[in-house]
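Remember, it's 1-based here, ligands and their atoms both numbered in the order they're listed. These numbers were taken from a predicted model, which means no experiment stands behind them.
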Amino acid sequence: MNLNKLTIDDVQTAIAARKTTAAALAVAFYEKIEKEDPQIGAYLTLSKERALDKATQIDSLVARGDQLPPLAGVPVGIKDVMVTRGVRSTAGSKILENYIPPYDCTAVARLEDAGAVILGKMNCDEFAMGSSNENSAYRPVHNPRVLSRVPGGSSGGSAAAVAAGMAVATLGSDTGGSIRQPASFCGVVGLMPTYGRISRYGLIAFASSLDHIGPLTRNVKDAATLLRTIAGRDPMDATSADLPVPDYVAELNMPVNGLRLGVAKEYFEQGLDSEVKAKVESAIQELAKQGCEIVPVSLPHTQYAIPTYYLVATAEASANLARFDGVRYGHRASNAGSLPEMYERSRDEGFGPEVKRRIMLGTYALSAGYYDAYYLKAQRVRTLLTRDFEDAFQKVDAIVTPTSPTTAFRLGEKIDDPVAMYLADIYTVTADLAGIPGISIPCGVTKENLPVGFQILGKHFDEATILRVAHSYEKSQSS
Ligand code: GLN
């Protein structure tokens, strides 16, 4: 079996036909991980015992001829910002190096209840802060397509594992683009659902009003399957929406003919790489050929999105990360002379440079003298950005854009220039700020063999439409 190409459907068919067992499949993935992951660095922790227990359970259902759950035996990986009962969960940070959570993130529990086999925890930027995975406290991840390049971030391990065939699918998190941008850099599908569609219970918080969990997969159908499995109201997260979850998979094949797709000029201006632009434009043409109507729209506040995002996100992060004080969990400095010194040293030793930078920025933006000028202003601009989308969605059913202005850059290329790194998020942060869903799907590779991603943004809670458009485009590429 070619693990590099395996989809959820393939696993289901192979297990039901008894061509393989869930346990044999998990073992095959572990062998591949042990052989190939040293060069890539996608995994931080393997959860072999938990995986093999689950796989054995599935295999006994098969042996008894019982009905199989929808994800029976599907090997998946979980970004290390989601807590897993009994399995180390570090959030890519030294401060949680030895943290073993006593409970499961809801999304993880729902996957496992549906039969998925959790192979392990994926490398990521520390507390999901980054665009290249170079902020992981453990090691950077290499892009499996071209090893000298970054996989994107912060869900770099999640994207790289799917691209390299070291998991069939993974979960990532997206606060400013961290599912879609690495998906585009690694040539896989990455879906960020509407804010509130998937419970955040058990997601280690970065910026609570922006954080989303979502799937990274090899095709659009797998993304729809995972979304259907993990979406929906959860009493443990008051911000999870109490709305019915549509059957995304059943709706995938509805025709796209007649759908209106918006193209915003603000997303095709300076800074956009010419090869990326050409690939995205030809993807748009393909959708036009399939009967979509292409409609120019304007999102006039886009130029303010990066500063707005980096104020709101850092403000929320500075509050969320206050809980890491060396008392309740995580690293505690030894031999501190006083309580304040213990707090200070634990945080100093536990957090990396990017996390410290953001805590300082966020604390500053929230401080009494600057709150109105920075935080409040940013919240107001956030409303304007949200209204841009509301206005555009009066005229169109979805909006198509590049996912990122460039393809995967070289490891080390932007690490000393945080502002250049922040600018890489220009096309993704807007959807997080507005709370709308977005998907990145591959639309070819450049001359240097670097994948290009194409983003489709949708109306609140209308993941079905963006999945349908993505699926229709994907079909035209494989045929
Ligand atoms: N690159 C962005 C940041 O560093 C987005 C991160 C994310 O989505 N988690 O904040």
Side-chain angles (χ1 to χ4, degrees), residues 78-82 91-93 122-137 140-141 150-159 170-186 190-193 195 198 200 203-216 305-318 320-321 351-362 365 378 382 403-406 408-409 413-415 417-440 453 455:
I78 308 292
K79 184 178 182 182
D80 213 20
V81 289
M82 280 161 253
S93 180
M122 314 317 299
N123 200 349
C124 57
D125 285 302
E126 185 174 1
F127 289 103
M129 297 176 184
S131 309
S132 67
N133 222 116
E134 292 165 295
N135 294 336
S136 162
V141 179
V150 301
S154 62
S155 311
S158 301
T170 54
L171 292 185
S173 70
D174 195 311
T175 304
S178 281
I179 291 176
R180 292 160 289 153
Q181 185 255 23
S184 90
F185 280 15
C186 291
L191 170 67
M192 176 185 74
Y195 183 79
I198 295 176
R200 288 180 296 111
L203 172 66
I204 297 171
F206 162 11
S208 308
S209 78
L210 296 160
D211 292 342
H212 308 70
I213 291 174
L216 291 108
I306 292 283
T308 304
Y309 169 78
Y310 279 95
L311 283 166
V312 175
T314 56
E316 292 185 21
S318 73
N320 273 325
L321 270 53
F351 289 140
E354 181 63 22
V355 174
K356 287 177 183 162
R357 183 179 299 129
R358 294 195 189 201
I359 292 174
M360 287 194 286
L361 199 63
R382 182 178 188 176
T403 305
S404 171
T406 65
F409 39 91
E413 190 177 324
K414 298 193 182 183
I415 195 70
D417 188 351
V419 175
M421 193 78 96
Y422 296 171
L423 287 171
D425 302 333
I426 178 76
Y427 303 141
T428 48
V429 294
T430 47
D432 298 86
L433 287 163
I436 58 171
I439 188 168
S440 177
Q455 174 175 242

**Message:** Under a plain distance cut-off of 3.5 Å, with no hydrogens placed, do Asp211 and Ser173 share a side-chain donor-acceptor pair?
**Reply:** no
**Asked** What are the atoms of ligand 1, with element, lying closer than 4.0 Å to any heavy atom of Gly130?
**Response** 1 (N), 2 (C), 3 (C), 4 (O), 6 (C)
**Message:** Using only atom types and a distance under 3.5 Å, with no angle test, would you say the side chain of Glu354 pairs donor to acceptor with the backbone of Gly130?
**Reply:** no
**Request:** Classify the side-chain pair Glu316/Ser209 by whether it contains a donor and acceptor separated by less than 3.5 Å.
**Result:** yes
**Request:** Answer whether the closest heavy-atom distance between the side chains of Phe127 and Arg358 falls below 4.5 Å.
**Result:** no
**Message:** Check whether Asn135 reaches the backbone of Glu126 with its side chain - one donor and one acceptor, N or O, closer than 3.5 Å.
**Reply:** no
**Prompt:** In ligand 1, which numbered atoms sit nearer than 4.0 Å to a non-hydrogen atom of Phe206?
**Reply:** 9 (N), 10 (O)
**Prompt:** Among protein heavy atoms, which lies nearest atom 2 (C) of ligand 1, and at what distance?
**Reply:** Asp425 OD2, 3.1 Å
**Prompt:** With a 4.0 Å cut-off on heavy atoms, does Ala313 reach ligand 1?
**Reply:** no
**Message:** Can you check which of Ser131, Ser155, Ala128, Ala424 brings a heavy atom nearest to atom 1 (N) of ligand 1?
**Reply:** Ser131
**Message:** Within the structure provided, determine whether Pro151 and Pro182 are in side-chain contact (heavy-atom separation under 4.5 Å).
**Reply:** no
**Request:** Would you indicate whether the side-chain heavy atoms of Met122 and Asp80 approach each other to under 4.5 Å?
**Result:** no
**Message:** Is it the case that the side chain of Arg382 and the backbone of Leu433 share a donor-acceptor pair, with hydrogens and angles ignored and the cut-off at 3.5 Å?
**Reply:** yes
**Message:** Can you tell whether the side chains of Lys79 and Asp174 come within less than 4.0 Å, N to carboxylate O?
**Reply:** no
**Ser154 and ligand 1 - part of the residue with a heavy-atom distance under 4.0 Å** = side chain
**Asked** Tyr422 near ligand 1, heavy-atom distance under 4.0 Å?
**Response** no
**Message:** Counting only heavy atoms closer than 4.0 Å, does ligand 1 sit against the backbone of Arg358, its side chain, both, or neither?
**Reply:** side chain
**Asked** When only distance counts, is Ser173 in polar contact with ligand 1, meaning an N/O pair under 3.5 Å?
**Response** no
**Request:** May I ask you to check whether Ser440 and Thr403 show a side-chain donor-acceptor distance below 3.5 Å?
**Result:** yes
**Prompt:** Which ligand 1 atoms, with their elements, are less than 4.0 angstrom from a heavy-atom of Tyr309?
**Reply:** 2 (C), 3 (C), 5 (C), 6 (C), 10 (O)
**Asked** How close does the nearest protein non-hydrogen atom get to atom 7 (C) of ligand 1, and which residue and atom is it?
**Response** Ser178 OG, 2.4 Å
**Prompt:** Nearest protein heavy atom to atom 3 (C) of ligand 1, by residue and atom, and its distance?
**Reply:** Tyr310 OH, 3.3 Å
**Fill in**
Any heavy atom of Thr175 under 4.0 Å from ligand 1? The part involved is both
**Contact atoms of ligand 1, heavy-atom distance to Asp174 under 4.0 Å** = 8 (O)
**Prompt:** Any idea which atoms of ligand 1 are less than 4.0 Å away from a heavy-atom of Gly176?
**Reply:** 5 (C), 7 (C), 8 (O)
